[in-house]
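First comes the structure, then the notes that go with it.
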Amino acid sequence: MAAGGKIVCIMNTLESKCKKLLIILENGDVEAYKRLRTSIVADISDNDFMVGEYEDDLAVGKALVIILDDISHGGILYKRIVLIAMRSLLKIIINDKIDSKPQTAIASALLLVLFSENQDFIGGEYIVSKVRATEAAAHQYIGMSCVFFWKYKLNATKPSLLYRTQQRLQKAITDSTIDIPDASTRKKVVDFEYDNFNSMVHDLPLDVELKYPGVPFFDPEIIMPKIQSLFNNGLLYFKKPDSSPITSETISNANNINKQVFHSDSKKTESTTGCLGMLLLMITLFIVACSI
């Protein structure tokens, strides 16, 4: 019985549920997906939940980013999910600074989506609480977003992403004006932000527990209906792709087209290039100042 109980306990971890969610999504079982996503969010909402060390951080991060697409933004529970997903994905890119693994490109793409869709929370609340200054938080938020974009775009592999994830990534790239500067500038920003990534990975478990606490007294009959009410009915990850699926090449072309639109007007070109160059210069100068 003890051994059996231990097996049940292992099989019901957040990591195992996230892996199962990805399999269910691949199989197209909508009802099973709904039940499991509710179970995952219920686990995270429990005040006794603690952010663990996972063998497959990518599966955890990927599943939580998918679930976030179904939940209305806002509230402590939503923020807890964002932070847990962010920690899992940051751990992947920290362990592969030279971008040698396809998992790094996937994690970077998911982080870019996560940051783009949660700018007010991640940049305007969480990072601000760390650096205590809005300007410094803005620099750090932009610097991190740049690193995610570069690590995705410059990775030697062409990662395979789910269609809906590709849509979200394309929107994140289109909404941003991130470019790829010279290697020297990239190195300065990446080196600086890696220190911030390490600090965030170290701090996040305690922040989730203390700053964004869960439900102190978990009564399933009360809590579960409230969790289910958080989900919208979009289920966009189950929508069939259109006749022209989005690929990494499509995203790249869209980004190039976006740049060509700016270049079509000389004044806009000067303004856009100037702003981007000034932005990267400001980030670099901020990094150098912090290093002195």
Side-chain angles (χ1 to χ4, degrees), residues 18-19 21-22 25-26 54 56-71 73 81-119 121-123 127 140-181 186 189-190 193-194 196-197 200-201 204 236-237 239 241-242 244-259:
C18 286
K19 288 181 177 179
L21 184 89
L22 298 176
L25 181 61
E26 185 178 346
Y54 309 116
D56 192 344
D57 283 296
L58 184 59
V60 174
K62 189 185 294 185
L64 295 183
V65 169
I66 290 170
I67 289 174
L68 286 168
D69 196 44
D70 294 338
I71 302 180
H73 289 210
I81 300 172
V82 170
L83 294 178
I84 296 167
M86 188 163 67
R87 182 175 187 264
S88 296
L89 296 170
L90 282 174
K91 285 175 64 181
I92 294 170
I93 68 171
I94 286 173
N95 292 328
D96 182 28
K97 193 172 183 179
I98 62 173
D99 303 339
S100 63
K101 302 175 182 177
Q103 293 91 334
T104 305
I106 296 172
S108 299
L110 294 174
L111 281 164
L112 189 59
V113 168
L114 204 60
F115 268 55
S116 176
E117 294 179 351
N118 299 280
Q119 180 175 347
F121 168 51
I122 297 175
I127 295 179
Q140 186 169 325
Y141 174 87
I142 295 169
M144 288 181 169
S145 298
C146 286
V147 172
F148 302 146
F149 178 71
W150 300 336
K151 291 178 79 66
Y152 166 71
K153 291 292 290 184
L154 300 178
N155 192 285
T157 63
K158 298 296 182 183
S160 175
L161 302 173
L162 295 173
Y163 180 77
R164 173 57 184 162
T165 300
Q166 292 171 338
Q167 287 182 315
R168 295 166 75 186
L169 177 61
Q170 183 175 4
K171 184 177 187 307
I173 292 174
T174 303
D175 289 347
S176 72
T177 55
I178 300 175
D179 208 335
I180 301 178
R186 292 202 311 271
V189 176
V190 169
E193 295 304 344
Y194 257 70
N196 289 324
F197 293 155
M200 290 175 71
V201 167
L204 274 167
L236 295 178
Y237 273 88
K239 301 293 183 183
D242 57 28
S244 54
I246 302 171
T247 63
S248 297
E249 183 178 356
T250 306
I251 294 172
S252 178
N253 290 338
N255 200 36
N256 290 333
I257 291 170
N258 190 35
K259 292 177 185 176

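- Nearest heavy-atom pair, G143 versus E193, reported as atom, atom and distance to 0.1 Å: CA-OE2, 3.6 Å.
- For the atom pair L161 CG and L110 CG, the distance stands at 7.0 Å (nearest 0.5 Å).
- No salt bridge links K101 with D96; every basic N to acidic carboxylate O contact stays at or beyond 4.0 Å.
- Between I122 and I127, the closest side-chain pair of non-hydrogen atoms falls below 4.5 Å.
- Side chain of N155 to backbone of D99: a donor-acceptor contact under 3.5 angstrom is found.
- Note on ring orientation: taking the six-membered ring where Trp is involved, the planes of F148 and F115 are perpendicular (angle over 60°, cut-offs 30° and 60°).
- Note that CD1 of I66 is 5.5 Å distant from CG of L162, once rounded to the nearest 0.5 Å.
- A heavy-atom distance below 4.5 Å is found between the side chains of Y54 and S88.
- In this structure, T157 and P102 approach most closely via the heavy-atom pair OG1-CA, 3.3 Å.
- Expressed to the nearest 0.5 Å, how far CD1 of I81 lies from CD1 of I71 amounts to 4.0 Å.
- Taken to the nearest 0.5 Å, the CG atom of L169 stands 9.0 Å off from the OG1 atom of T174.
- Rounding to the nearest 0.5 angstrom, the gap separating the CD atom in Q103 from the CG atom in L58 is 6.5 Å.
- The local environment of NZ in K97 is crowded, with over 12 non-hydrogen atoms from other residues, nucleotides or ligands closer than 6.0 Å.
- R168 places a side-chain N or O within 3.5 Å of a backbone atom of V65 that can act as its donor or acceptor partner.
- Using a distance-only test at 3.5 Å, with no hydrogens or angles considered, no donor-acceptor pair links the side chain of W150 to the main chain of S145.
- Looking only at distances, no side-chain donor or acceptor of R87 sits under 3.5 Å from a matching main-chain atom of M200.
- Using a distance-only test at 3.5 Å, with no hydrogens or angles considered, no donor-acceptor pair links the side chain of Y237 to the main chain of I67.
- Contact of the R186 side chain with the L154 side chain is registered, since non-hydrogen atoms from C-beta on lie closer than 4.5 Å.
- Side-chain contact between Q170 and Q166 is absent, with no heavy-atom pair separated by less than 4.5 Å.
- Nearest heavy-atom pair, P159 versus Y152, reported as atom, atom and distance to 0.1 Å: CG-CE1, 3.7 Å.
- Counting heavy atoms from C-beta outward, L21 and L25 have side chains that stay 4.5 Å or more apart.
- Each of I178, D179, V190 was checked for a side chain to side chain contact (heavy atoms under 4.5 Å, CB included) with C146, and the lone residue meeting it is I178.
- At least one side-chain heavy atom of E117 sits under 4.5 Å from a side-chain heavy atom of H73.
- Put simply, CE on M86 and CG on N118 are 9.0 Å apart, with the number rounded to the nearest 0.5 Å.
- In this structure, the side chains of T165 and I106 stay at 4.5 Å or more apart for every pair of heavy atoms.
- With a 4.5 Å cut-off on side-chain heavy atoms, F121 and V82 count as touching.
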Taking it one step at a time, do F197 and Y194 satisfy ring-ring contact (aromatic ring centres under 6.0 Å, His included)? CA-CA 5 Å; F197 293 155; Y194 257 70; 5.6 Å; yes

